[in-house]
Amino acid sequence: MTEAQGGLRGWAVARKGVWSRLRFTSLRLRLVVVFALVALTAAVSASGIAYWLNREAVLTRTQDAVLRDFQQEMQNRAGALPENPTQDELQHTAGQMANSSQRFSVLLVAEDASGRTVYGNSGALDSFTLKDVPASLRKAVNKEQPVNGGNKSPYHLYWQRVVEHDTPYLVAGTKVIGGGPTGYMLKSLEPEAKDLNSLAWSLGIATGLALIGSALLAQAAATTVLKPVHRLGIAARRLGEGKLDTRLRVSGTDELADLSRTFNKTAEALEKRVADMAARDEASRRFVADMSHELRTPLTAITAVTEVLEEELETESGSMDPMIEPAVRLVVSETRRLNDLVENLMEVTRFDAGTARLVLDDVDIADQITACIDARAWLDAVELDAERGIHARLDPRRLDVILANLIGNALKHGGSPVRVAVRLAEDELVIKVRDHGPGIPEDVLPHVFDRFYKASASRPRSEGSGLGLSIALENAHIHGGEITAANFPEGGAVFTLRLPRDASALTERPPGGDEGKKGDA
């Protein structure tokens, strides 16, 4: 792997870790985000409204004062000029008007006696000229309005806010009524703009503090809300692990407290139900074990009698009455079946009680399979594919039980020949038993290892007890192995047995399940 690939893989792993943490705290994040959005919306809305109201108030107050002062100066000083003033008179009057309390620049425009346009400038703000006045404002100032009942003056005061070089200005103009100069005023609004900027910064800082405060408040609220939920999750996990006596400490009267009480009631009911089921299961196992032991004594005597009867059937003297011979053969067959059933039931009770133990020995697998087949006279019906010299440390008796059940099941329900193949996979022994029959129906396949399960419900009585494959699976499990069943693609069923080559490394299985320890979550 190249260095670039390693870097990409590391980045992917880190991103996955971040996303997993985000998912783990998704509810907390949602609470914080919601609180922050609500606080941000409220703070921005309040700050925006406050800024807009203060801005309008500041600008309107300054603007009204300046326009009122300018209009007063135009009436008092510019109105006192002759109809055709000289430039010196305009310049002197403009200077006087600029010295008012509002300190604005003044430009006066008039025509002298010779009809020439003359200008008078107060000299402030880099020589305020007519070019600094917007054309639309000049046009509005010089336009004569018709005088009527709703308009008593032909000329009015007009104003406009402009921005030059990032500095706001107020420009206004009017004309002396009855003849006289036209006056324009320029007032810088930079002090007001600075005040508004300071206000904006203050409101921005307040919004940021509100956002931080809301995030901290959301974190505290999330911790308060999610802590009981986290405790509930831990308790549910412990309950799922089998610790049925897990309970939650309940405090308060809110919804989370009600949820904790409901959890405790549910856990208590579940614990009682499981205890009742365990007691019934234990009673059932004890009944089966006791029944099996009680049946062994009379069954031993019956088996001895049937052996005598079987010997009579096999003698050449023919002393057995032909009328009762079928009944005797039926008794012998059913006695054997009953004996096998009792032995299987006792084996099952040992597995359920956890008393089954391994007696390990070094086993030659090929020899073991051959001995199993030979003991049951299956040599003509079974093909063995196993190399000599494959050894494993297993329990020979239990391995024989597994093989006998798998091969016998294949011969009984499958088709000859039955093929047994042995392979090694690392430290694992793999034995496959395949038949050439019709295979196992798909609806039966998940239940082949269930106890007392038979594929045909219409034929509940058969030579088997329905426990063979279940006992084989239990014997595989006690070795630390597994058995699986499947259908071969070319036809027939195949059972795969997987066992460790050395079962001595396994710890003994405890007789019971894990018991929960008391404790509050």
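Every heavy atom of this structure was used, including side-chain atoms; hydrogens, water molecules and symmetry mates were not.
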J.: Please determine whether a side-chain nitrogen of the Lys or Arg among Lys432 and Asp385 lies less than 4.0 Å from a carboxylate oxygen of the Asp or Glu.
T.: no
J.: Testing the basics here: between Pro181 and Met74, what is the closest heavy-atom pair and its distance to 0.1 Å?
T.: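 Scanning both residues completely, I find the closest heavy atoms to be O-CE, 4.2 Å.
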J.: Answer yes or no: does atom CG of Asp427 have more than 12 heavy-atom neighbours from other residues, nucleotides or ligands under 6.0 Å?
T.: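 Result for CG/Asp427: open.
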J.: List the residues meeting salt bridge (Lys or Arg N to Asp or Glu O under 4.0 Å) with Arg116, not counting sequence neighbours, and say none if there are none.
T.: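 Partners of Arg116 under the salt bridge (Lys or Arg N to Asp or Glu O under 4.0 Å) test: Asp112.
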J.: Within the side chain of Arg231, is there an N or O that forms a donor-acceptor pair under 3.5 Å with the backbone of Ser260?
T.: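 No; judged by distance alone, with no hydrogens or angles, the pair does not exist.
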J.: Under the salt bridge (charged side-chain N to carboxylate O under 4.0 Å, His left out) definition, can you give me all pairs with a residue in residues 72-95, not counting sequence neighbours?
T.: Glu73-Arg77
J.: Which residues pass the side-chain contact (heavy atoms from CB on, under 4.5 Å) test with Leu270, sequence neighbours left out?
T.: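 With sequence neighbours excluded, Leu270 shows a side-chain contact (heavy atoms from CB on, under 4.5 Å) to Leu239, Leu244, Val274, given in chain and number order.
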J.: Please report the closest heavy-atom contact between Asp395 and Arg357, naming both atoms and the distance.
T.: OD2-O, 3.9 Å
J.: With a 4.5 Å cut-off on side-chain heavy atoms, are Leu81 and Leu90 touching?
T.: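 A side-chain contact exists here, since the closest heavy-atom pair is under 4.5 Å.
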J.: Is there a side-chain contact between Phe449 and Ser470 in this structure, where contact means two heavy atoms from C-beta onward sitting under 4.5 Å apart?
T.: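 No, their side chains stay 4.5 Å or more apart.
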J.: Among residues two or more places apart or on two chains, list those pairs meeting salt bridge (charged side-chain N to carboxylate O under 4.0 Å, His left out) that have a residue in residues 477-486.
T.: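 Sorted pair list comes back empty.
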J.: When you check the gap from the basic side-chain N to the acidic O, do Lys272 and Asp276 get nearer than 4.0 Å?
T.: yes
J.: How would you list, by chain and number, every residue that makes a side-chain hydrogen bond (donor to acceptor under 3.5 Å, both in side chains) with Arg61, sequence neighbours excluded?
T.: none
J.: Could you work out, with side-chain hydrogen bond (donor to acceptor under 3.5 Å, both in side chains) as the rule, every residue matching Arg434, not counting sequence neighbours?
T.: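 With neighbours one apart ignored, the set is empty.
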J.: State which residues pass side-chain contact (heavy atoms from CB on, under 4.5 Å) with Glu144; sequence neighbours excluded, sorted by chain then number.
T.: Pro154, Tyr155
J.: Testing the basics here: between Ser153 and Gln145, what is the closest heavy-atom pair and its distance to 0.1 Å?
T.: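 Shortest heavy-atom contact: O-CB, 4.3 Å.
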J.: List the residues meeting salt bridge (Lys or Arg N to Asp or Glu O under 4.0 Å) with Asp69, not counting sequence neighbours, and say none if there are none.
T.: none
J.: Output the distance between atom CG (Leu189) and atom NZ (Lys194), rounded to the nearest 0.5 Å.
T.: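 Answer rounded to 0.5 Å: 13.0 Å.
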J.: For Thr207, check side-chain contact (heavy atoms from CB on, under 4.5 Å) against everything at least two apart and list the hits.
T.: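 Checked Thr207 against side-chain contact (heavy atoms from CB on, under 4.5 Å); matches are Leu40, Ala43, Val44, Ser47.
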J.: List, one per line, each side-chain donor-acceptor pair under 3.5 Å for residues 483-499, sequence neighbours excluded.
T.:
{"from": "Asn487", "atom 1": "OD1", "to": "Ile440", "atom 2": "N", "distance (Å)": "2.7"}
{"from": "Asn487", "atom 1": "ND2", "to": "Ile440", "atom 2": "O", "distance (Å)": "2.8"}
{"from": "Arg498", "atom 1": "NH1", "to": "Glu428", "atom 2": "OE1", "distance (Å)": "3.3"}

J.: Is the number of heavy atoms from other residues, nucleotides or ligands within 6.0 Å of CZ (Arg161) greater than 12?
T.: yes
J.: With a cut-off of 6.0 Å (strictly less than), are more than 12 heavy atoms of other residues, nucleotides or ligands near CG of Asp166?
T.: no
J.: What residues, two or more places apart in sequence or in another chain, satisfy ring-ring contact (aromatic ring centres under 6.0 Å, His included) together with His92?
T.: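 None.
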J.: Going by side-chain hydrogen bond (donor to acceptor under 3.5 Å, both in side chains), name the residues that satisfy it together with Lys143, two or more places apart in sequence or in a different chain.
T.: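 Here no residue qualifies.
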